[in-house]
Number of protein chains: 2
Amino acid sequence: MTDTKEKLLDAAERLIGEQGFAATSLRQIISEAGANLASVHYHFGSKDELLEAVVMRRAGPVNDRRLALLDRYEAEVDGAVPVARILEAFLLPMAQAAGSNPQFVRVMGRIVAEGMIRAVIEKNFHTVLSRFATALRKTLPTISDEEFRWRMLFMQGAIAHTMCGTPGNDFEHRILLLVRFLSGGFAAPPAEVK
Amino acid sequence: MTDTKEKLLDAAERLIGEQGFAATSLRQIISEAGANLASVHYHFGSKDELLEAVVMRRAGPVNDRRLALLDRYEAEVDGAVPVARILEAFLLPMAQAAGSNPQFVRVMGRIVAEGMIRAVIEKNFHTVLSRFATALRKTLPTISDEEFRWRMLFMQGAIAHTMCGTPGNDFEHRILLLVRFLSGGFAAPPAEVK
DNA sequence: GTCTATACTGAGATAGAC
DNA sequence: GTCTATCTCAGTATAGAC
């Protein structure tokens, strides 16, 4: 990777994490990176694709660790893995990545919260997301497909808001609290349909 | 209210609900309203203040109904109101407002999700939000202040995502599911701190 | 008081010279 | 690969018509 390209990624990650995607201009990013405006479009194509590159640079290792954790938890039990364990396997690697790079977690939260490049995210995270959805579904066989889908959405919203909606860098702590809360939510009896 | 002003509010509400705030340009709004660009700044001052006006036009009746419902539920019981009832009192009036105006609910979801004009929202909703926070706290006296604050945030994220992150207009149905999920979350035992 | 026309600044994107 | 110049479109501001 060229020096300019990496500097652009670093600057974009920091600024987007702090201010959000929409509020961060390319001119701000190139100024911090010491690069030229056109270099963004040369290396990435567009502002959206720069964001995608920021995500992809860190997402690979995090997703690998997620799948490894889920594998381990599945091996530890007979049958279905408890909800809390599945959520932990999904969320902890992100929090741990935040240790070495706190801004990246915020960028991920911003992306979900701002509804950015949904297609890109689904493309790049499809494998890991479907693995976790399947595991959760196996643990929760009694609720309807429709309610399961809604609960997944509720969870997404809570996660996004937790990652970017608040100051502070102690992500592991807040994720412990979040896992408890979401576990309670998934354990709730199905809502009766009137 | 002048004809132009109301047409601007209608157009803004519809377009922002459909596309989000950042993705909707003033030129789009005035084109749909059949108005002039400068009329926005004459009537509202800025794009942000136009959004605030869109919110305030509908928020009053919804908040009144929220407080009335909470009053009723509090009168029905001795002591603390169940979590599900409190959440219902908060969420159902919004869903019912969606019956006559489906876009408004999406606008509200967008605002939280896009992190727009947080100060404005807090100013205008301070009364109703603090009333509901107090009621919830009374129902949940055993968890710590810190965990309570986090759970409120988890809830905010789930609500925002539910309101704007999905197609379809059957808000009452999804809110029944959401209330169950959140009730389960609030009922979860506190996470032990390591 | 209300609205129109127009100009200003800054955004992302692009073509072409080097 | 990099940089300059330029394009279009965004939000904003103001002068002046009615």
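Per chain, numbering begins at 1; letters A, B, ... match sequence-line order.
Distances shown here put every side-chain N or O of His43(B) at or beyond 4.0 Å from the OP1 or OP2 atom of dG1(C). Listed pair Ser39(B) / dT2(C) fails the phosphate criterion, with no side-chain N or O lying under 4.0 Å from OP1 or OP2.
Atom OH of Tyr42(B) is separated from atom C1' of dT2(C) by 5 Å (rounded to the nearest Å). Between Lys7(A) atom NZ and dG1(D) atom P the separation is 15 Å, expressed in whole Å. Going from atom CG of Asp3(B) over to atom C1' of dC3(C) covers 13 Å, rounded to whole Å. Rounded to a whole Å, the CD atom of Glu49(A) is 14 Å from the P atom of dG12(C). At whole-Å resolution of the value, CG in Asp48(A) and P in dA13(C) are 7 Å apart. At whole-Å resolution of the value, CG in Leu37(B) and C1' in dA5(C) are 10 Å apart. Distance, Lys47(A) NZ to dA10(D) C1': 12 Å, rounded to whole Å. With rounding to whole Å, His41(A) atom NE2 is found 17 Å from dG16(C) atom P.
For the pair Arg14(A) and Glu32(A), the salt-bridge criterion is met [side-chain N within less than 4.0 Å of a carboxylate O]. Taking the charged nitrogens against the carboxylate oxygens, Arg85(B) and Glu76(B) do have a contact shorter than 4.0 Å, which makes a salt bridge. Between Glu74(B) and Arg131(B) there is a salt bridge, since a side-chain N of the basic residue sits under 4.0 Å from a carboxylate O of the acidic one.
In this structure, Phe186(B) and Phe148(B) have tilted ring planes: the angle between them lies in the 30° to 60° band.
Of the candidates dT14(D), dT2(D), dC3(C), the closest approach to any side-chain atom of Thr4(A) belongs to dT2(D).
Between Gln156(A) and His161(A), the side chains place no donor N or O within less than 3.5 Å of an acceptor N or O (distance only, hydrogens not considered).
Using a 4.0 Å cut-off on heavy atoms, the residues of residues 25-36 of chain A that approach DNA chain C are Ser25(A), Leu26(A), Arg27(A), listed by number.
A pairwise comparison of heavy atoms in Leu67(A) and Phe132(A) identifies CD2-CE1, 4.3 Å as the closest pair. Between Ile86(B) and Val81(B) the shortest heavy-atom distance is CD1-O, 3.6 Å.
Nearest-nucleotide positions on DNA chain C for Ala38(B) and Ala38(A) put Ala38(B) closer to the 5' end.
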